[in-house]
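Throughout, protein chains are lettered first and strands after them, A, B, ... in sequence-line order, and every chain is numbered starting at 1. Model, not experiment: these values are computed from the prediction.
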Amino acid sequence: MEKLILIDGNSIIYRAFFAMPPLTNSKGLHTNAVYGFTNMLLRLIQEEKPSHILVAFDAGKETFRHEGYKDYKGGREKTPHELSEQFPLMRELLESFGIAWFELSGYEADDIIGTISKKGEESGRQVLIVTGDKDMLQVVSDNVKVALTRKGISEVEPYGPKEIEERYGLRPEQIIDLKGLMGDTSDNIPGVPGIGEKTALKLLHQYGSVEEVLAHTDEMKGKMKENLVNHAEDARMSKKLATIFYEVPVERSWEDMAFAGVQEDKAAPMLHRLEFKSLLERLDFTVGTAGEATSDSNVQSLTEVDVTIVDTATLPELKELLPQIEMMYVESYGDNPHHAIAMGMTLSTPERHFFVPFDFLKSKEAEVIVAWLGDASVPKRGYDLHRADLVLHWLGITLAGEEHDVQLAAYLLDPTDNNQTTSGLAAKYKLPIIASDEEVYGKGAKFKVPDQEILSKHLARKAQLLLQIMELQRNELEKNEMNRLFYELEMPLSRILADMEKQGVAVNRDDLIQLGKEFESQIAKLMKQIYEIAGLEFNLNSPKQLGEVLFDKLGMPVMKKTKTGYSTDAEVLEKLAPYHEIVQYILDYRQLAKLQSTYVEGLLKEISPITGKVHTYYRQTIAATGRLSSQFPNLQNIPIRMEEGRKIRKVFVPSEEGWFILAADYSQIELRVLAHISEDEGLQEAFLHDLDIHTKTAMDVFGVSADQVDSNMRRSAKAVNFGIVYGISDYGLSQNLNITRKEAAQFIEKYFQAFGGVRRYMDDIVLEAKRDGYVKTLLERRRYLPEINASNFNIRSFAERTAMNTPIQGTAADIIKLAMVLMDEALKKQGLKSRMLLQVHDELVFEVPPEEMDIMSKLVPEIMGQALPLSVPLKAEVSSGLNWYEAK
DNA sequence: AATATCACG
DNA sequence: ACGTACGTGATATTA
């Protein structure tokens with residue numbers, strides 16, 4: 001049977017434009033959309049081998065749809081000129097490829113395609129429509145399929161009647177009823193307010209069509225009924241607008257649309273003009289002539305890979321090669337690795353790739369693989385092994401022996417690189433490009449686990465690249481003197497973190513609920529008072545509405561603006577508090593609302609029904625300074641500064657009867673680190689004598705003796721110390737202390753006079769950053785600062801402050817990470833039952849059985865204090881109790 | 001998806 | 001003269 005492909009040119013070229021990075025030829029001509037379109041076209045030709053092709057375009061501004069509804073497609077952004085200039089190029093390219101195209105003033109591409117597809121079907125041809133527009137689904141039939149583009153244009157999802165039934169539970173012709181009810185913002189089709197896809201489908205499943213729905217509104221109630229009655233006409237019109245017109249006078253014959261393959265003599269000059277070198281190279285001009293074999297054409301941009309799917313039959317081959325496996329990759333989806341769904345695993349030697357389906361891995365016969373995974377004496381190389389460990393753990397499988405994690409190494413080599421994906425790293429190292437995960441899986445709601453065929457190949461391609469990347473990383477780590485940091489600190493730490501996360505922290509659910517009730521009643525009281533005083537009810541959580549009440553209605557002075565309107569943050573509200581009693585209530589409300597939503601409700605949602613604990617996920621490859629971060633839930637920002645919030649800590653309890661929570665935190669670790677690296681004598685002296693550092697700073701800055709330092713002076717000195725650590729600026733300090741910039745500048749000058757070594761450090765580190773392009777910590781952790789020489793003052797200043805702060809914050813991070821590794825060793829060596837549960841940047845939290853309280857109270861601060869010998873002592877203070885609140 | 005706000009070190 | 005303190009993550013609202 002002959003096959004006809006109909007392409008919605010506008011839809012595809014738009015998607016190509018936004019999906020592709022900007023691309024211009026040497027003359028400055030934008031070509032990215034044409035490139036994306038062409039790539040897709042060639043792939044279609046190769047895969048579908050069509051006998052006929054036609055590309056339809058929209059023409060002119062006004063179509064017959066505007067006659068009934070002048071706002072049709074209103075509110076759309078104007079087409080960027082970078083795109084509009086590509087339309088003529090696209091038409092030329094189609095002509096050079098011998099592909100027919102058609103447009104007709106007054107009609108949309110949809111209508112042209114609909115018309116031709118009907119004719120194609122009637123003449124006994126198979127039809128495939130390629131578009132990004134779901135409206136097109138209405139023309140689907142047994143012989144007409146619609147391929148919808150997914151995530152850009154790299155992949156399409158074919159829809160026949162069966163797929164529409166599965167996805168929507170509708171017949172193709174009901175798609176217009178769906179649009180009629182839900183509307184379409186992109187075309188400015190109104191639909192019925194309050195009815196989205198969910199509701200629309202429910203109604204259609206019950207009544208079948210817009211007309212039937214409208215005829216039965218008497219059976220409904222509430223807002224929905226009201227909306228349907230009031231907007232019945234909108235619904236009817238919307239349906240009409242979405243309905244394809246099948247009578248377009250198309251001036252193309254079958255002969256015009258026949259496609260006989262791309263001819264080199266015609267196509268090559270055009271491709272040259274566009275400078276599509278890769279396409280020229282890849283095209284061998286034998287592609288796609290109807291019915292002809294397309295043997296060795298490599299239109300496909302991806303390299304071929306061979307993967308062996310591991311099953312009963314192929315297991316012996318893998319078994320044989322297990323000792324030679326050099327790369328493992330576990331794919332899963334879901335942001336939270338504790339709940340992630342495993343998709344598949346690849347095990348690779350440099351020559352061969354094995355794909356292990358998880359169903360098989362769980363079977364009895366696969367236990368040889370499970371044993372291999374759990375054998376700590378077998379070094380594992382992989383990508384994001386931390387995540388792999390957790391995913392496998394919740395499947396009951398142990399992973400051990402992690403030696404090289406490519407993601408973690410990539411983070412160390414450039415912690416600010418936010419594309420540590422395999423395809424991103426491949427690009428960085430100029431290795432062959434592979435499809436990104438987003439291209440293969442889609443993102444957000446479009447995410448879909450692909451067929452095993454596609455998945456296994458994608459993973460194999462990743463593994464292939466990862467093997468190469470790993471070798472390059474080994475060299476680079478060596479060159480950067482980061483071997484110790486990587487192999488002795490970060491790699492062992494990644495195991496420890498995974499173990500802490502699996503262990504989790506017990507949370508007393510009932511107490512948390514009780515606390516929530518107390519917050520709730522206070523919140524209700526505050527809301528009532530606020531609404532009463534304001535004289536109206538509004539959404540207190542909306543800064544916009546709050547701003548209107550405060551500034552427009554009550555006429556309070558505007559202190560600060562955000563880019564969208566009035567600022568109502570705590571700093572502003574505190575200044576406004578004297579003007580009106582309502583402000584304090586709002587501040588109190590804000591505080592409680594935060595506690596309730598984030599810490600009560602948020603935490604409750606994270607308690608595992610399986611373990612009754614929260615299992616956070618420490619991310620080791622995020623923070624630019626080398627710190628950890630914590631997610632799902634974030635256990636590094638549990639309230640402590642305010643008593644109300646601090647109560648949250650009471651619900652974090654030991655997981656075993658009679659045990660205790662023990663917490664130890666470093667005292668002034670950042671300033672001690674600063675004392676060490678700046679070699680400032682005064683600062684070192686202060687820590688050698690274990691002075692109160694803020695008081696000491698106040699003495700020097702204000703030139704007074706210890707007993708003359710009042711609380712206000714100490715507060716200022718503390719702010720100066722913070723400023724120093726952050727990379728000081730007079731403006732920042734003045735904001736913090738609510739003083740003038742001049743006064744702040746004087747403080748800073750005084751500070752530098754007293755601590756000359758610190759001034760020298762600040763100056764030197766900025767020069768070092770300008771010279772090397774990066775700064776580093778004591779353990780050789782790097783952070784590149786490409787903006788350190790920027791001409792823009794703001795950008796440059798930011799980089800300079802970062803240069804000052806990163807070695808301090810980063811070295812502190814190095815130290816506590818070292819302490820964690822040493823602590824883990826000590827616990828194991830001494831056979832202690834105590835468990836490390838949490839890390840909060842300068843604090844470690846443990847759960848400890850009663851008989852180990854004495855030893856742990858000594859051991860923990862000792863190990864933390866000796867983790868990295870500095871020129872000043874490191875001090876860790878320990879405390880304990882029945883819960884985290886008491887361990888303060 | 002972006003913005004505002006606020007919790008922590 | 002320039003205008004921000006350093007590093008994170010979660011929530012609710014709004015576009």
Under-4.0 Å salt bridge between [X] and [Y]:
| X | Y | answer |
| --- | --- | --- |
| A:Lys575 | A:Glu571 | yes |
| A:Lys594 | A:Glu644 | no |
| A:Asp511 | A:Lys650 | no |
| A:Arg759 | A:Glu749 | yes |

[X] near the nucleic acid: base, sugar-phosphate alone, or nothing, with a heavy-atom cut-off under 4.0 Å?
| X | answer |
| --- | --- |
| A:Ser797 | nothing |
| A:Ile622 | sugar-phosphate |
| A:Ile808 | nothing |
| A:Asn794 | sugar-phosphate |
| A:Val840 | sugar-phosphate |
| A:Glu843 | nothing |
| A:Ala744 | nothing |
| A:Ala593 | nothing |
| A:Thr562 | sugar-phosphate |
| A:Ala624 | sugar-phosphate |

Write down the distance between [atom1] ([X]) and [atom2] ([N]), rounded to a whole number of angstrom.
| X | N | atom1 | atom2 | result |
| --- | --- | --- | --- | --- |
| A:Leu838 | C:dG9 | CG | P | 16 Å |
| A:Ile640 | B:dA7 | CD1 | P | 14 Å |
| A:Glu670 | B:dC8 | CD | P | 16 Å |
| A:Leu592 | B:dC6 | CG | P | 13 Å |
| A:Met642 | B:dC8 | CE | C1' | 13 Å |
| A:Leu785 | C:dC6 | CG | P | 12 Å |
| A:Lys563 | C:dT14 | NZ | C1' | 14 Å |
| A:Arg796 | C:dC2 | CZ | C1' | 10 Å |

So for [X] and [N], does any side-chain atom that can act as donor or acceptor lie under 3.5 Å from a complementary atom in the base?
| X | N | answer |
| --- | --- | --- |
| A:Arg641 | B:dG9 | yes |
| A:Arg783 | C:dG7 | no |
| A:Gln809 | C:dC6 | yes |
| A:Arg801 | C:dT4 | yes |
| A:Thr564 | B:dT3 | no |

Polar atoms only, N or O, under 3.5 Å: list the protein pairs with nucleotides 10-12 of chain C and their distances.
residue: C:dA10; atom: OP1; partner: A:Phe632; partner atom: N; Å: 2.9

Please report the distance separating the [atom1] of [N] from the corresponding atom of [M], rounded so that it comes out in whole Å.
| N | M | atom1 | result |
| --- | --- | --- | --- |
| C:dG3 | B:dC6 | C1' | 23 Å |
| C:dT4 | B:dT3 | P | 15 Å |
| C:dC2 | B:dA7 | C1' | 32 Å |

| query | With centres under 5.5 Å and planes under 30° as the test, does A:Tyr731 stack with C:dT4? | reply |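 Yes; by the centre-distance and plane-angle rule, A:Tyr731 counts as stacking on C:dT4.
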
| task | Report the nucleotide, chosen from B:dG9, B:dC6, C:dG7, that has the shortest atom-to-atom distance to any side-chain atom of A:Asp569. | result |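 Nucleotide nearest to A:Asp569's side chain: B:dC6.
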
| query | Between A:Tyr333 and A:Tyr441, is the gap from one ring center to the other below 6.0 Å? | reply |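 So the answer is no for these two rings.
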
| Strand partner of C:dC2, provided both Watson-Crick or wobble distances fall under 3.5 Å |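 WC or wobble partner does not exist here.
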
| Whichever of A:Arg627 and A:Pro543 has its nearest DNA chain C nucleotide further upstream toward 5' | A:Arg627

| Quick one: does A:Gln839's side chain have a donor or acceptor within less than 3.5 Å of a partner on A:His841's backbone? | yes

| request: Without swapping roles, check the side chain of A:Thr806 against the backbone of A:Ala803 for a donor-acceptor pair under 3.5 Å. | output: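 No; zero donor-acceptor contacts below 3.5 Å.
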
| request: Tell me whether the OP1 or OP2 atom of C:dG7 has a side-chain N or O from A:Gln636 closer than 4.0 Å. | output: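 Checking C:dG7 against A:Gln636, no side-chain N or O comes under 4.0 Å of OP1 or OP2.
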
| request: For A:Tyr566 and A:Asp552, test the side chains for any donor-to-acceptor distance below 3.5 angstrom and give the result as yes or no. | output: yes

| query | Does NZ or CZ of A:Lys888 lie under 6.0 Å from the centre of the six-membered ring of A:Tyr885, at an angle within 45° of the ring axis? | reply |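 Yes, A:Lys888 lies over the aromatic ring of A:Tyr885.
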
| message | Can you confirm whether A:Asp692 sits close enough to A:Arg714 that some side-chain heavy atom of one is under 4.5 Å from a side-chain heavy atom of the other? | response | yes

